[in-house]
Amino acid sequence: MSRLRMPLTAAALTALALPAAADTPDTIRVGITTFLSGPASVFGVPGRQAAEMLAEQINDRGGLQGVPVELFFVDEGTGMETLLSEYRRLVDTVDVDVMFSGISSGTCNNIAPLAEDLEILNFMWDCGTQRIFEEGDYQWVFRTQAHAAPEVLSTFLYLMDHAPDFETIAVVNQDYAWGRDSWAIFQAALETLRPDVEVVAELFPAFGAADFSTEISRLQVLRPDVVLSTSWGGDLDTFVRQANQRGLFNNSLFVLPLAESSLERLGFDLPEGVIVGARGDHYFLHPEFRDDDDFTGFMDAFKERTGDWPIYPVFHMAQAFAALEAAYDAAAEATGGFPDRVAVRDAMEGISFSGLGREVTIRDDNQGLEDQLLGVTRRADGFDFNIMDDMIIYPAADITTPVGQETLSWIRALDESFLEISGDRFSHED
Amino acid sequence: MKRLLVIALVVVLALLPVLSAGNVTFATTVYAKMLAVLGIFLLLQAGQVSFGHGMYFAAGAYTAAYMGQAMGGADILLLLLAVIAISGLSGLIVGLFVSRYRYIFFAMLNLAFSMAVFALLEKLFHLTGGTDGLRVPRPTLLGESFSRAQFDIVIYYFSFIMVVLGSLGIWLYLRSPLGQALKAVKVNETRLEYIGLSANRTILIAYVFSAVLAGIGGLAFGLQQGLAVPELTFWTRSGEFVFIAVLGGVGNVIGVFAGTVVFQAVRFVAAALLDDAWQLILGIVLIGIILVVPAGLIGLPARLMELGRAIRKRRFLAGREQE
Amino acid sequence: MSRNTTPLLSARGIKISFGGVIAADGIDLDIFPGEMLAIIGPNGAGKTTFLNVCTGYLKPQAGSVRMGGAELLGMAPRAITRLGVARAFQIPQLFVEHTVLENMLLSAAVRERAWNPFRNLHALPQRDEMMELLRLVDCADIAERSAHELPEGQRKLVDIAIALAQRPKLLLMDEPTSGVASSDKFGIMEILIDALRKAQVTSVFVEHDMEMVTRYASRVAVWSEGRIQMQGEPAHVMNDPEVIRTVIGG
Amino acid sequence: MDSTLALIALLDGVSYASLLFLVAVGLTLIFGVLGVLNVAHGSFYAIGAYMAVTLGRWLVANDWNPWLTFPALLIAAIATGVVLGGLMERFLLRRIYTKDPVLQLLITFAVFMILENMQRMVWGVQPYFMSTPLQLLGNISVLGINYTAYQVVFLPIMALLTLLGLRLFLRHTLAGARITAVTQDREAATAMGIDARAVYFTTFMIGACLAAMGGALAAPTTSVVPGMGAQMIVLSFAVAAAAGLGNIEGALVTALLIGIARSFAIYLFPEVEILVPYLIMVLVLLWRPMGLFGMPEARKI
């Protein structure tokens with residue numbers, strides 16, 4: 001690999017000055033890491049299905065700059081060891097043009113520096129950790145969606161809007177980076193903007209825990225006004241079912257920022273009146289697009305093909321493909337021919353693109369700005385599960401950590417004016 | 001003859017980065033695991049298996065992570081010394097307890113210890129990074145720092161030298177009175193006691209060595225992967241080491257090498273080609289080895305010849321009957 | 001045999017029982033330097049138990065076993081071995097995956113604390129001494145054979161040779177010729193006695209064969225129901241009518 | 001912690017301990033008779049759960065009477081145990097009884113790997129739910145706290161019934177007497193004309209059924225996911241070893257000990273919750289190497 005890369009690096013250095021055109025290849029190879037096994041496959045499998053549909057659509061349109069895309073999947077669920085060697089195999093042997101990686105924050109933490117070393121364009125297409133661009137400077141790594149800060153802060157804003165008078169809160173998060181980090185952000189916002197609120201319990205059951213009985217007993221004793229959980233997948237489903245069975249929803253207002261991905265699976269086990277988020281403006285009944293034929297066409301086709309309505313990873317995947325398409329178009333325009341990899345990378349700076357939602361813009365630090373949608377569960381005709389109502393879409397620019405700042409210290413410096421961010425309001429019946 | 005073959009193998013592997021650069025990463029993984037398997041192999045001489053050596057493997061990787069982060073990329077040799085000290089000391093502490101037990105209890109108590117370590121690594125998020133683990137910064141070697149491509153070669157030779165030294169050390173150790181006493185533990189603890197030697201102590205010494213080997217393996221693994229995760233000490237990982245040792249065969253250090261190469265290759269190929277069936281395949285292979293070739297891969301040639309003879313004999317007899 | 005010398009080992013008031021079965025009920029016994037003591041008695045009288053107590057394998061409920069100035073009770077078998085009490089077994093205890101010579105070398109290595117992990121067992125300087133010992137028990141020609149393929153008689157001899165490799169002051173043997181074909185018994189015993197004499201080891205042996213006892217023992221102790229019924233010169237003891245009734249003729 | 005909280009933690013602990021006992025008792029029974037520690041026991045647990053959920057969901061989806069999900073749990077468990085346990089004993093374990101205990105352990109480990117993989121092939125990786133039995137029994141309120149009757153009443157009763165059933169079976173039936181005889185002295189039992197092979201076969205199937213039953217009964221309270229077997233085998237070993245391998249009544253006591261200690265830990269020191277089973281096991285074994293109720297082996301030379 002070392003000998004292969006050397007001339008390429010030299011080429012890259014000259015190319016920095018002048019984006020260059022390249023010979024047109026047979027295909028544009030896209031490597032995608034996604035969970036095909038393990039608990040996170042609830043996101044990974046829909047992500048893969050979406051990727052396949054999107055690639056078909058692109059190829060039906062004639063590909064990117066006339067070149068069809070070809071997909072190579074790697075399972076993130078087989079562990080970091082296999083993942084890292086498979087990633088390198090795709091880059092070194094298959095010679096992919098771009099990698100979409102990945103879902104878990106752990107993956108992104110390890111892949112980002114690797115991609116930088118290997119000089120391969122890498123889109124972090126789904127992972128949430130805000131640390132990567134705050135701790136390092138990257139040339140080849142971009143995030144085509146939001147990170148944890150806007151996702152959690154929009155939840156905080158929605159809660160303040162929906163039930164401003166709550167006095168006590170308990171958190172039940174999965175015990176791993178996302179569960180801990182998302183609570184750290186929420187807690188920082190609480191301490192800064194609502195210091196009077198009492199945190200009565202911080203529960204971190206093991207990731208993949210199958211039983212929350214004891215946690216639920218404890219929440220029944222404590223009766224907090226609000227129960228926050230950023231859990232997802234099987235863990236969230238189990239927690240919600242066990243909590244619902246034992247009447248916990250009657251005592252407390254539940255705030256579940258990732259529950260959009262569990263709505264259909266949980267059915268009416270997830271009661272009405274729960275605050276639900278979607279890690280972005282991702283919703284198969286998106287209030288601004290639900291009359292758009294392209295949008296509904298894709299939603300229906302996905303439901304037709306997989307049996308389920310799209311959930312947020314589908315939208316994130318669409319954004320990654322939209323970014324790729326936009327970058328190839330822009331790079332082709334800049335170079336006047338089929339762009340080489342450096343040209344494509346350069347085109348990513350400051351680019352805007354739209355997947356299956358509002359437009360996303362890449363900032364100077366390679367971070368995407370993505371608006372955030374939340375709502376409250378309601379029954380609605382025609383669905384055998386509760387859907388979202390009283391939706392608010394928050395503008396990304398106001399709730400995302402500014403470039404060059406560290407999220408927690410930025411939040412700790414916020415003032416009351418932050419609570420005035422109101423967003424755009426929609427209801428299901430509109 | 002045999003010695004020549006081993007020397008030839010060592011020479012070929014020493015030249016691997018030149019001969020076949022694409023396999024360097026794979027080979028490094030093999031070496032890292034092989035070090036841990038050597039530790040298991042040592043205990044197997046006394047008839048004991050540990051389902052918990054993942055904890056020393058993890059200790060190696062986490063040491064690299066902590067020291068690397070504290071010192072902004074430590075030196076490999078310094079890390080090596082630290083890992084030897086830490087895994088040796090923890091091996092001694094745990095060993096003092098587990099060396100009083102045999103067979104299933106020995107295996108499962110090791111498992112319990114490693115699972116306790118696993119639970120702690122997952123739970124103490126602010127210290128250990130929880131499930132996501134800790135990044136291992138790229139270390140220097142004698143003050144020299146490297147690009148990733150160069151470092152691949154450095155870590156290759158580091159693990160390779162460790163494997164060669166480890167194998168040589170084990171070979172010598174097993175010929176020595178202490179190593180022979182280890183084999184004697186398996187056969188007759190009563191007699192050992194009545195020639196004045198404590199079986200527990202004999203096992204303890206081997207246990208500390210095996211912990212150090214697993215620790216160095218974990219160090220190599222963590223450096224190569226750039227990552228230390230709790231999964232390194234999950235019991236199925238430790239089971240993997242035992243599996244490889246039995247796969248290769250208890251008789252011979254070369255078997256450990258053969259076992260690790262075959263295991264990693266099967267796992268790699270099955271994961272790439274067969275959409276999630278590698279556990280199934282490996283499980284069947286393991287049962288086959290135990291039932292058909294109890295001596296492991298190293299006994300495979302002899303076993304095949306034996307089977308061949310039996311078949312030929314049967315054919316011969318059948319032929320005679322037809323006449 | 002002089003009774004004026006101090007005993008090599010002396011047991012006092014040994015009491016031990018297993019779930020109601022009494023194996024020793026106040027055993028007092030002295031073993032003197034240079035003697036060859038035979039212990040006889042019916043099955044279940046507690047003879048082997050006594051050997052097990054003296055070598056630290058079993059802990060009695062009461063009593064004391066002293067050697068030199070040291071109290072042996074409470075010590076592990078290996079510690080007692082190091083004090084010079086070696087043991088041979090009714091069923092030979094060998095390292096059956098090693099050769100006969102390796103069995104001997106291991107024993108010598110432990111005796112000499114030869115723990116250098118880089119020195120080959122076969123390179124021990126005690127190799128010649130061990131070969132000499134094997135010659136003494138007439139097993140030199142099987143030195144390179146694996147211990148598991150030996151006939152019972154030779155296993156017995158090797159078992160004793162391993163014990164002798166410790167250079168013990170006292171050797172305790174549990175039925176040294178049991179399990180050996182009766183035609184070989186005397187041959188083996190002859191070799192053994194000769195070796196013990198040359199090695200100048202005080203010895204105790206549990207035995208059922210009265211002819212062996214009469215021929216080789218310098219003293220006899222008779223066990224019965226956890227007690228010593230009688231002890232003394234073989235000629236005297238073996239002719240005692242009570243002993244004849246309970247042990248020999250009964 | 002006041003007495004109210006103590007009572008609540010106690011209830012949580014008892015319900016958790018009931019499931020733990022069901023799995024551990026099968027493990028300990030098999031060890032007591034066959035001398036084999038069956039690592040694949042964890043897979044029997046998981047597959048029992050999957051079978052129960054599959055059967056239960058099929059019943060519900062086809063509009064059968066929802067109360068039928070209760071017998072469905074049992075049927076799923078017995079079918080799993082008889083088929084998997086029977087096949088494993090007949091075609092694998094039977095060949096290795098004379099081998100090294102280490103190889104026996106590894107064979108069961110290999111079966112564990114195979115079953116884990118097959119489980120993913122059959123049921124995929126998504127979580128499964130089937131809480132019908134839980135919902136049918138409804139909630140009961142203790143000190144204003146809602147509990148599901150399934151967890152705090154039904155499960156403990158099932159655990160007790162299992163214990164009593166096993167005791168009756170082992171002490172008052174001919175088949176049970178044979179098992180007890182083989183456990184105590186295999187050679188003597190064989191000499192008396194007891195077919196040890198048949199006893200091994202029966203015992204292994206019963207043990208496998210108990211593991212599957214643990215899984216089936218756990219299924220309504222939880223989501224059935226890959227990896228649940230790997231966790232459970234470690235826990236149930238901790239229970240069985242702390243009790244003394246082979247000891248049935250002891251398994252109940254240590255299951256309760258571990259279950260209750262765990263739920264108190266969640267209230268008082270949540271960080272050490274996962275450590276509790278291992279801590280208890282190590283402390284017990286340091287104090288009594290053969291387990292709380294284990295008997296030291298008779299020594300023979």
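Note: hydrogens, waters and symmetry copies are ignored here, and every other heavy atom, side chains too, is used. In the text below, chain A, chain B and the rest are named by the order of the sequence lines, each starting its count at 1.
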* Structure fact -> Given Ser41(A), Ser213(A), Ser217(A), the one with more heavy-atom pairs under 4.5 angstrom with chain D than any other is Ser217(A)
* Structure fact -> So, the part of Ile145(D) with a heavy atom under 4.5 Å from chain A: the answer is both
* Structure fact -> From the list Val224(D), Thr221(D), Ile274(D), the residue making the most non-hydrogen contacts under 4.5 Å with chain A is Thr221(D)
* To do: With a 4.5 angstrom heavy-atom cut-off, could you sort out which part of Gln231(D) is near chain A: side chain, backbone, both or neither?
  => neither
* To do: With a 4.5 angstrom heavy-atom cut-off, could you sort out which part of Thr148(D) is near chain A: side chain, backbone, both or neither?
  => both
* More than 12 heavy atoms of other groups within 6.0 Å of Phe268(A) CZ -> yes
* Asked: Side chains of Ser223(D) and Asp237(A): do they bring a donor and an acceptor to under 3.5 Å?
  -> no
* To do: Under the side chain to side chain contact (heavy atoms under 4.5 Å, CB included) rule, what do Asp12(D) and Arg218(A) come out as? Steps first, then yes or no, please.
  => CA-CA 10 Å; Asp12(D) 287 321; Arg218(A) 205 170 153 198; over 6 Å; no
* In sequence, state the C-alpha distance, the side-chain angles, and the governing distance for Tyr267(D) and Thr214(A), and then conclude on side chain to side chain contact (heavy atoms under 4.5 Å, CB included). => CA-CA 8 Å; Tyr267(D) 279 94; Thr214(A) 315; 3.7 Å; yes
* Which answer fits Tyr147(D), side chain, backbone, both or neither, if we ask what part of it has an atom under 4.5 Å from a heavy atom of chain A? -> both
* **Chi angles and distances behind the side chain to side chain contact (heavy atoms under 4.5 Å, CB included) call for Phe129(D), Thr238(A)** => CA-CA 8 Å; Phe129(D) 298 93; Thr238(A) 310; 3.8 Å; yes
* With a 4.5 Å heavy-atom cut-off (strictly below), which parts of residues 244-257 of chain A touch chain D? List them by number. => Gln245(A), Arg246(A), Gly247(A)
* Would you indicate whether Glu167(A), at its atom CD, is surrounded by more than 12 heavy atoms from other residues, nucleotides or ligands within a distance under 6.0 Å? => no
* **Point-to-point distance, once rounded to the nearest 0.5 Å, from CZ of Arg241(A) to CD of Gln135(D)** => 9.0 Å
* Check whether Leu134(D) gets within reach of chain A through its side chain, its backbone, both or neither, counting any heavy atom under 4.5 Å. => both
